[in-house]
Amino acid sequence: MSYVLIIGAKSDIAKEVARVYAKNGYNLYLAARDSSSLEDLKHDIEIRSGVDVELKEFDITSYDTHEEFYRSLKKRPIGVIVVSGYMAEQTAAQKEWIETLNTINVNYTGALSILNIVANDFEKERLGFIVGVSSVAGDRGRKANYIYGSAKAGFSAYLSGLRNRLYESGVSVLTVKPGFVNTKMTENLELPQKLTAQPQEVAEDIFNAQQKGRNVLYTKSIWMLIMLIIKHIPEFMFKKMSI
Amino acid sequence: MYPIIKNKIFLLRDAVGLAKYIENTDEFIPYGNGRSYGDSALNDNILYTKTYNYFLDFDEQNGILTCQAGVTLGEILEAFVKRGWFLKVTPGTKLITLGGAIASDVHGKNHHTQGCFSECVEEFTIMLASGEIKSCKRGDELFHATCGGMGLTGVILSAKISLKKINSAFINQTTIKTKNLKETFEAFENYKDIPYSVAWIDCLAKNEEIGKCLLMVGDFANDGNLGYKSKKKLSIPFNFPSFALNSLSVKAFNWLYYAKAKDGVSKQRVGIDTFFYPLDAIENWNRIYGSGGFTQYQFILPKEQSFEGLKEILTKISDSGKGSFLAVLKLYGKENENYLSFPLEGYSLALDFKIEAGLFELLNTLDEVVVKYGGRIYLTKDVRVSKETFESGYPQCDKFREFRREHKMDRKFNSLQSKRVKI
């Protein structure tokens, strides 16, 4: 059976995405920094699903290692899912350049670096799928998290262009825009639970959308409506608002 | 949902974090998947355990599975039914965690042949109030206090359970339609060698029809067909207006189920989800009770007193007109040694009630009957029982209290329920 490569496999969403793909029979490459800390997850998935799970050391901000990393995979993956994300606290990112830079590098630059390589390969083979986990925060910059949001906006635009380019070769590209999700990343935030998804739900949604070849996925789906409204608030009003 | 309270939640991720949390928190209660009906997993501080859900080991030879406590029974079935394994004991929902199954010492349709969930627990690890992690087995006091101990002895971290070999994901079911309580009791006795049994009782039946039921008994088929996929869920998307569940609609519902079955004895072949987890198929089914929520009342009476007691209780319910969407009757097997496990040899009845004026008064009068006949109330379903009623049903409760005090568990692990009944 084919392999799916998950980039940024330590996040709560990635963990559930891995379980869902394994449950559906896919073998996995789980790529992350300090990947040995994923031994428990590897073991968990192997017991649950009996698929093959390989842990791969990967640093999304070490761009010059990406080519070599991708070539070292023993079998070409059928799909690549980029879940990596870094959300600096907004005020910290405003004050410390390194926080801003890290946000851009993880959410944008690093994701492009690895996906450029994957895209060239999939285009040549005319086979494969790409999933990028972006964010609703990229749909419009808000004062609460526009630095993170702008990196995700760039990533969303990249995925849109990539989808356009790869359409001809039959390679599908899915942009995932989660709203609030209960994860480590949001543990200290007070989230409105009716609008907040569990990582398991997000993972199931991603799998189903990817299998159907969909283009953009908002999860929970209510976020499509919320963002539609937010995107259409005129700028002269929006700039005065706190949302 | 009832009650609804606001609380602070901490997510269980690792033992180190948990030890710190225990040290820095006044008191809290572990919370699994939130399927206990009442307030047994509620308090101002809640430890959410579902994030602690790795499968740790599986011994294919002997069917011994080790998991972290936040794994749900549904996840276990998803992984193992297709490989020919099933839970030795499962309650009527698979949407509960392994830790919760132990803490409530849950039971299922096979209690009369297989006992409680603790029967399949080989060993578990638990973090105590001191932050120390202990491993325990049957025979240890900690084991017998924790199984059925409602999360009041510590935080269960992982457990080793033995699974049951099956050769099919289907069940051969026999349905027996009875006309009154006497026939119902006879039917339970006649079919007690069949491993799984449960009866749906029509609670609104009057006079000589009181206790009429559909008794469903069954066992796994042997056809080698292990195809199992969790059923797609229907969802009740909003709270029904509260008038939806008046006694007329309950009558209609009960009639539907009762009338659907053929007279006398009939046979069916059904899937695991249909047989074991009929309500899991409807997500948020509790919403049919409206926004005020509902509660469940489950009691058990010793076998010799069951007939008289049930008759008295069913009459009171029928007279009150307060309908139950579900009334489930079951014959149980022998009591175990755990301090607070619910089952004892006799008949148990579980009923749902919509929260409304006059309900708790009715339940109090039912309590009196339960106490009179030497029965007990199931803590996992309870939201209102008094300390006195609780104590009369659980003769080992003082031992449990003493054990908690001795290990300072009463200072850390408390729920609204434990404070109400003072354990």
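Chain identifiers are assigned alphabetically (A, B, ...) following the order of the sequence lines, protein sequences preceding nucleic acid strands; residue numbering begins at 1 within each chain.
- Of the two parts of F10(B), neither the backbone nor the side chain holds a non-hydrogen atom closer than 4.5 Å to a non-hydrogen atom of chain A.
- Atom CE of M224(A) sits in a sparse spot, with 12 or fewer heavy atoms from other residues, nucleotides or ligands closer than 6.0 Å.
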Between chain B and chain A, identify every pair of one donor and one acceptor N or O atom lying under 3.5 Å apart.
unit_1, atom_1, unit_2, atom_2, d
R13(B), NE, E187(A), OE1, 3.3
R13(B), NH1, D12(A), OD1, 3.4
R13(B), NH1, D12(A), OD2, 3.4
R13(B), NH2, D12(A), OD2, 3.0
N53(B), O, R19(A), NH2, 3.0
N53(B), O, R48(A), NH2, 2.9
N53(B), OD1, R19(A), NH1, 3.3
N53(B), OD1, R19(A), NH2, 3.2
F55(B), N, D44(A), OD1, 2.6
L56(B), O, H43(A), NE2, 3.1
E75(B), OE1, R48(A), NH1, 2.7
E75(B), OE1, R48(A), NH2, 2.8
E78(B), OE2, K23(A), NZ, 3.4
R83(B), NH1, I47(A), O, 3.4
R83(B), NH2, I47(A), O, 2.3
R83(B), NH2, R48(A), O, 2.9

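- Applying the side chain to side chain donor-acceptor pair (under 3.5 Å) test to N167(B) and every residue at least two apart in sequence or in another chain returns N222(B).
- For K164(B), the NZ atom counts as densely surrounded, since its 6.0 Å shell holds more than 12 non-hydrogen atoms of other residues, nucleotides or ligands.
- The two residues L56(B) and I47(A) come nearest to each other via the heavy atoms C-CD1, 3.4 Å.
- Within 6.0 Å of the CD1 atom in I243(A), the count of heavy atoms belonging to other residues, nucleotides or ligands exceeds 12.
- Contacts of I45(A) with chain B are absent, with no heavy-atom separation under 4.5 Å from either backbone or side chain.
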